[in-house]
*Asks:* 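Here it is, the structure, as structure tokens.
Each ligand, and each atom within it, is numbered from 1 in the order the structure gives. For reference, positions follow the sequence shown, starting with 1.
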Amino acid sequence: DELVKQIQDDLYDGLKEEVEEGTRILLERGWPPYKVLTEALVGGMTIVGVDFRDGILFVPEVLLAANAMKGGMAILRPLLAETGAPPVGKMVIGTVKGDIHDIGKNLVGMMMEGAGFEVVDLGINCDVDKYLKALEEHKPDILGMSALLTTTMPYMKVVIDTMKEKGIRDDYIVLVGGAPLNEAFAEAVGADAYCRDAAVAVETAKEFVA
Ligand code: B1M
């Protein structure tokens with residue numbers, strides 16, 4: 001699709017208004033919000049990621065791309081979150097300490113809301129204290145943690161170990177995600193499951209709270 005390619009290019013170039021415009025047009029054409037999200041926005045960010053890795057794009061450009069992506073996501077958010085049903089469960093989610101990547105986490109939050117979960121978003125750079133306080137305050141069914149860096153993902157173990165020390169580990173379902181993780185890592189740190197993407201996070205959460 002020409003327009004999808006155009007949106008991906010605009011996202012790459014950090015053109016927020018153009019990405020927003022393209023997102024609206026795809027919706028007007030009857031595209032389901034989830035398809036717009038995955039094909040145009042996530043697809044575009046994947047290309048950005050490859051060129052970032054290869055040293056073709058640098059942090060300032062990637063920040064602009066992320067900002068453009070958030071513009072598109074803001075349009076999709078209410079559509080993805082539309083649900084009249086009572087909450088099926090509650091999730092507290094945050095990106096771990098030292099890590100400021102939040103697009104994936106935000107996406108997971110949006111999709112969880114869309115599936116009828118109540119979501120408490122703790123933001124980025126969350127230390128153990130922040131997670132534990134939120135668990136105490138909100139009493140969720142699920143704790144979700146996100147990490148995009150190989151240097152920050154071990155912090156998930158710090159959080160889970162602290163939960164164990166306090167004797168509260170088994171009071172919660174712990175789901176983890178982020179590009180550098182995998183199933184073996186999730187198991188090694190003592191999480192209940194690794195979620196490859198936002199759709200898997202929703203499926204997994206539903207299985208656990210069912
Ligand atoms: Co960063 N960055 N970045 N970055 N960045 C990566 C992660 C990197 C892989 C790029 C690369 O080299 N190819 C690389 C990490 C390498 C590594 O650790 N091995 C990297 C690096 C190195 C860095 C810096 C260190 C760069 C520097 O300063 N020199 C720096 C670190 C800052 C820090 O955190 N302390 C940095 C900074 C940034 C920006 C600020 C410029 C920007 C973030 C903006 C923002 O988030 N607001 C940024 C971006 C955008 C990226 C890439 C290009 C894209 C990430 C993204 O948003 N993807 C990324 C490359 C890549 O991942 N391919 C990269 C789209 C998003 C939808 O996918 O986040 O994977 P993702 O989320 C998915 C799943 O993973 C899953 O579901 C989501 C939706 O499907 N998921 C969960 C995620 N969290 C979950 C939680 C769950 C469940 C599922 O809980 C239940």
Side-chain angles (χ1 to χ4, degrees), residues 8 11-12 14 16 34-74 76-77 80 89-115 117 119-127 131 140-156 159-160 172-183 185-186 189 191-209:
Q8 291 180 347
L11 193 143
Y12 190 97
K16 187 179 185 187
Y34 184 64
K35 191 173 175 202
V36 179
L37 177 69
T38 50
E39 295 190 15
L41 301 184
V42 177
M45 189 51 86
T46 304
I47 302 168
V48 170
V50 171
D51 281 3
F52 188 26
R53 180 197 65 210
D54 295 343
I56 297 163
L57 289 180
F58 297 94
V59 171
E61 287 116 329
V62 178
L63 263 177
L64 284 175
N67 188 45
M69 174 154 184
K70 285 184 177 180
M73 278 166 63
L76 298 175
R77 183 185 191 107
L80 290 168
K90 199 193 247 191
M91 173 190 236
V92 160
I93 189 168
T95 300
V96 298
K97 186 178 162 188
D99 203 318
I100 63 168
H101 294 87
D102 67 353
I103 294 175
K105 165 188 69 62
N106 296 348
L107 242 169
V108 171
M110 278 164 56
M111 296 283 296
M112 290 289 292
E113 283 176 359
F117 284 82
V119 176
V120 180
D121 188 340
L122 303 180
I124 55 174
N125 195 22
C126 299
D127 61 15
Y131 283 117
D141 307 286
I142 302 169
L143 169 64
M145 288 189 279
S146 180
L148 265 286
L149 299 171
T150 46
T151 49
T152 58
M153 61 188 215
Y155 195 75
M156 292 176 171
V159 177
I160 294 172
Y172 306 94
I173 298 148
V174 180
L175 303 182
V176 296
L181 279 61
N182 57 37
E183 251 150 56
F185 173 82
V189 298
D192 290 296
Y194 158 70
C195 308
R196 191 182 64 242
D197 59 32
V200 171
V202 168
E203 279 164 31
T204 311
K206 278 183 175 166
E207 273 166 31
F208 274 103
V209 298

*Asks:* Who's closest to atom 65 (C) of ligand 1 heavy-atom-wise, of Arg53, Met45, Met156, Glu61?
*Replies:*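 Selected option, by shortest heavy-atom distance: Met45.
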
*Asks:* State whether any protein heavy atom lies less than 4.0 Å from atom 24 (C) of ligand 1.
*Replies:*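 Protein heavy atoms within 4.0 Å of atom 24 (C) of ligand 1 - there are none.
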
*Asks:* Which value, rounded to the nearest 0.5 Å, describes the distance between His101 atom NE2 and Thr152 atom OG1?
*Replies:*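 Rounded to the nearest 0.5 Å, the NE2-OG1 separation comes out at 8.0 Å.
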
*Asks:* Return the residue, atom name and 0.1 Å-rounded distance of the protein heavy atom closest to atom 46 (O) of ligand 1.
*Replies:*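 Protein heavy atom with the smallest distance to atom 46 (O) of ligand 1: Asp102 N, 2.8 Å.
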
*Asks:* Which atom pair, heavy atoms only, marks the closest approach of Ala186 to Ala193?
*Replies:*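 The pair with the smallest heavy-atom distance is CB-C, 4.1 Å.
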
*Asks:* I'd like to check whether Thr151 has a polar contact with ligand 1, where a contact means an N/O of the residue lying under 3.5 Å from an N/O of the ligand.
*Replies:*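 No.
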
*Asks:* Does any donor atom in the side chain of Asp51 or Tyr12 lie under 3.5 Å from an acceptor atom in the other side chain?
*Replies:*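 Short answer, yes.
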
*Asks:* Atom 15 (C) of ligand 1: which protein heavy atom is closest, and how many Å away?
*Replies:*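 The answer is Leu149 CD2, 3.5 Å.
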
*Asks:* What are the two closest heavy atoms between Leu148 and Ala179, and how far apart are they?
*Replies:*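 For Leu148 versus Ala179, the nearest heavy atoms are CD1-CB, 3.8 Å.
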
*Asks:* Heavy-atom distances under 4.0 Å are what count here, so tell me which part of Val108 touches ligand 1: side chain, backbone, both or neither.
*Replies:*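 The answer is the side chain of Val108.
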
*Asks:* Please report the interatomic distance OG1(Thr95) to CG(Asn106), rounded to the nearest 0.5 Å.
*Replies:*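 So the OG1 of Thr95 and the CG of Asn106 are separated by 7.5 Å.
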
*Asks:* Does Arg196 reach ligand 1, in the sense of a heavy atom lying below 4.0 Å from it?
*Replies:*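 Contact check Arg196 vs ligand 1: positive.
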
*Asks:* Quick one: does Pro180 get a heavy atom under 4.0 Å from ligand 1?
*Replies:*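 No; Pro180 lies far enough from ligand 1 that no heavy-atom distance drops under 4.0 Å.
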
*Asks:* How far is atom 50 (C) of ligand 1 from the closest protein heavy atom, and which atom is that?
*Replies:*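 For atom 50 (C) of ligand 1, the nearest protein heavy atom comes out as Val62 CG1, 3.3 Å.
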
*Asks:* Heavy atoms only: which of Ala193, Ala186, Ala191, Gly178 is nearest to atom 83 (C) of ligand 1?
*Replies:*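 Shortest heavy-atom distance from atom 83 (C) of ligand 1: Gly178.
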
*Asks:* Taking the minimum heavy-atom distance to atom 53 (C) of ligand 1, which of Gly44, Gly94, Gly49 ranks first?
*Replies:*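 Going through Gly44, Gly94, Gly49 one by one, Gly49 has the nearest heavy atom to atom 53 (C) of ligand 1.
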
*Asks:* Give me the residue, atom name and distance of the protein heavy atom closest to atom 30 (C) of ligand 1.
*Replies:*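 Checked against all protein heavy atoms, atom 30 (C) of ligand 1 sits closest to His101 CE1, 4.4 Å.
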
